[in-house]
Amino acid sequence: MIVSWNTTNACNMYCAHCYRDAGCKAEDELSTDEAKKMLGEIARAGFRIMIFSGGEPLMRPDILELVHHAASVGLRPVFGTNGTLITEEKACELKATGAMGMGISLDSLDAEKHDTFRSFPGAWAGAVRGMENCRKAGLPFQVHTTVMDWNAPELEAMTDFAVEKGAVAHHFFFLVPTGRAVSIENKSLDAEAYEAVLTRIMKKQQTVDIELKPTCAPQFLRIAKEMGVETRFRRGCLAGLAYCIIGPRGKVQPCAYLDIEAGDVRETPFNIIWKESKVFRRLRTLDYKGGCGVCRYKGVCGGCRARAAFYAEGDYMAEEPWCAYKGRK
């Protein structure tokens with residue numbers, strides 16, 4: 001099971017697609033002691049992978065202390081970062097304190113396009129430098145790419161670049177209109193293009209040794225099965241089933257893009273929220289509506305619950321609108 005924590009709302013970038021609308025540090029973010037207590041509760045709930053994200057997690061002053069604590073309670077600390085703050089020294093410190101992997105964002109092979117998307121001159125060079133510093137330190141890293149209509153044609157070439165740089169995986173994040181991303185919803189893929197891109201990624205997986213994983217695109221498991229592509233993944237949308245996210249102030253929600261509160265770790269221990277939240281319990285019924293409810297792949301796909309909610313006035317159990325399969329039995 002995987003949990004992601006937005007350690008801070010502070011960020012050195014102002015990305016067009018940011019679901020957290022990050023930039024400045026939020027008021028009343030979890031303290032070091034509150035965070036350590038929460039990490040213990042996460043471990044008690046049975047989680048194993050702990051994603052430190054943001055904002056930009058490396059802007060949190062106590063991040064190394066928290067990584068060390070996470071590892072000490074049996075969690076596997078990994079990161080979601082823009083990579084620009086990973087110096088050689090920082091990469092070595094992260095590895096020494098227990099970090100097991102870094103997910104570094106790169107959205108194009110064209111530096112200008114990446115920098116524009118991230119509203120940060122030098123973002124591309126900084127991300128690539130961060131990858132190289134991780135490699136020097138022996139700290140595993142993977143590349144994270146947000147898929148848009150303007151960068152979809154270069155995805156396979158980006159995978160080749162990830163291989164060249166020594167990445168262990170290339171994960172593709174499909175846009176969900178949340179936070180600032182609402183303003184660029186028209187740049188996301190339609191159902192036909194979405195299906196075509198997922199098919200291309202699965203074809204590419206057959207040619208490279210590193211792991212390729214679409215995120216917020218649960219239909220990839222149906223496509224992989226139909227194409228005979230082997231994958232270690234057994235479930236598409238994990239929101240509330242084997243994944244959730246915690247905000248900078250301790251608010252828990254099913255995923256980064258499904259902005260529905262399931263609990264508050266300042267009021268209720270995380271392990272209790274995970275077990276008893278009404279939101280999580282409803283998601284676990286798999287009682288979906290429309291095509292998702294009758295689809296033969298309901299158990300392995302589940303549709304993107306966040307995208308369903310956005311296009312169905314908040315109903316996170318509604319039919320996934322981007323699916324070309326349309327719930328065939």
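With E154 contributing its side chain and L109 its backbone, the two residues share a donor-acceptor pair below 3.5 Å. Counting only distance, with no hydrogens or angles, the side chain of D264 and the backbone of K251 share no donor-acceptor pair below 3.5 Å. Proximity of a side-chain donor or acceptor of T97 to a complementary backbone N or O of L94 within less than 3.5 Å is detected. In this structure, S119 contributes its side chain and C15 its backbone to no donor-acceptor pair below 3.5 Å. The backbone N or O of P321 lies less than 3.5 Å from no partner atom in the side chain of E319, so there is not a single donor-acceptor pair. Between the side chain of T145 and the backbone N or O of V147 there is no donor-acceptor pair closer than 3.5 Å. At least one donor-acceptor pair under 3.5 Å links the side chain of Q205 to the backbone N or O of I210.
Residues D107 and W124 form no side-chain contact, since every pair of their non-hydrogen atoms from C-beta on lies 4.5 Å or further apart. For the pair Y316/V279, a side-chain contact is recorded, criterion being any heavy-atom separation below 4.5 Å from C-beta on. Residues V252 and F280 form a side-chain contact, since some pair of their non-hydrogen atoms from C-beta on lies under 4.5 Å apart. You'll find the side chain of M13 reaches within 4.5 Å of the side chain of T84, heavy atoms only. Side chains of R305 and C237 form a contact here, defined as non-hydrogen atoms less than 4.5 Å apart. In this structure the side chain of R296 reaches within 4.5 angstrom of the side chain of Y325, judged on heavy atoms.
Using cut-offs of 30° and 60° for the angle between ring planes, the F220 and F233 rings count as perpendicular.
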Could you list the donor-acceptor pairs under 3.5 angstrom formed between side-chain atoms of residues 125-134 and any protein atom two or more places apart in sequence or on another chain?
unit_1: E132; atom_1: OE2; unit_2: K165; atom_2: NZ; d: 2.9
unit_1: N133; atom_1: ND2; unit_2: I86; atom_2: O; d: 2.8
unit_1: N133; atom_1: ND2; unit_2: R129; atom_2: O; d: 3.3

Could you pull out all donor-acceptor pairs under 3.5 Å where a side-chain atom in residues 40-54 meets a protein atom, sequence neighbours excluded?
unit_1: E41; atom_1: OE1; unit_2: F270; atom_2: N; d: 2.9
unit_1: E41; atom_1: OE2; unit_2: K37; atom_2: NZ; d: 2.5
unit_1: S53; atom_1: OG; unit_2: S4; atom_2: OG; d: 3.2
unit_1: S53; atom_1: OG; unit_2: W5; atom_2: O; d: 3.3
unit_1: S53; atom_1: OG; unit_2: N6; atom_2: ND2; d: 3.0

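The pair E34-R249 does not meet the salt-bridge criterion, since no charged nitrogen lies less than 4.0 angstrom from a carboxylate oxygen. We find that R266 and D28 are joined by a salt bridge, their nearest charged nitrogen and carboxylate oxygen being less than 4.0 Å apart.
Looking at N82 and E56, their side chains do bring a donor and an acceptor atom within 3.5 Å of each other. When only modelled atom types and interatomic distance are considered, Q142 and H171 share a side-chain donor-acceptor pair under 3.5 Å. Inspection of the T159 and H170 side chains reveals an N or O donor paired with an N or O acceptor under 3.5 Å.
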Please step through side chain to side chain contact (heavy atoms under 4.5 Å, CB included) for the pair E112 and F117, ending with a clear verdict.
CA-CA 9 Å; E112 184 177 354; F117 190 52; over 6 Å; no
Step-by-step side chain to side chain contact (heavy atoms under 4.5 Å, CB included) determination, L175 to H17
CA-CA 8 Å; L175 187 77; H17 64 300; 3.8 Å; yes
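Applying the ring-ring contact (aromatic ring centres under 6.0 Å, His included) test to pairs two or more places apart or on separate chains, those with a residue in residues 240-261 are Y19-Y257. Note on residues 184-214: pairs passing ring-ring contact (aromatic ring centres under 6.0 Å, His included), not counting sequence neighbours, are F174-Y194, Y194-W322. Counting only residues at least two apart or on different chains, the salt bridge (charged side-chain N to carboxylate O under 4.0 Å, His left out) pairs with a member in residues 272-283 are R282-D315.
Partners of K95 by salt bridge (charged side-chain N to carboxylate O under 4.0 Å, His left out), not counting sequence neighbours: none found. Applying the salt bridge (charged side-chain N to carboxylate O under 4.0 Å, His left out) test to K90 and every residue at least two apart in sequence or in another chain returns E93. The salt bridge (charged side-chain N to carboxylate O under 4.0 Å, His left out) search around D62 returns R60, not counting sequence neighbours. Remark: M100 pairs with R76, P77, V78 by the side-chain contact (heavy atoms from CB on, under 4.5 Å) rule, at least two apart or across chains. In this structure, H69 has no ring-ring contact (aromatic ring centres under 6.0 Å, His included) partners at least two apart in sequence or on a different chain. The salt bridge (charged side-chain N to carboxylate O under 4.0 Å, His left out) test applied to K203 returns no partner, not counting sequence neighbours. Applying the side-chain hydrogen bond (donor to acceptor under 3.5 Å, both in side chains) criterion to E65, with sequence neighbours excluded, gives K36.
In the hydrophobic clustering of ILVMFWY residues, with side-chain heavy atoms under 4.5 Å counting as a link, L212 and V229 come out together. No chain of hydrophobic side-chain contacts below 4.5 Å, direct or via other Ile, Leu, Val, Met, Phe, Trp or Tyr residues, connects V168 to V143.
Here the SG atom belonging to C301 is positioned 4.0 Å from the CD atom belonging to Q219, to the nearest 0.5 angstrom.
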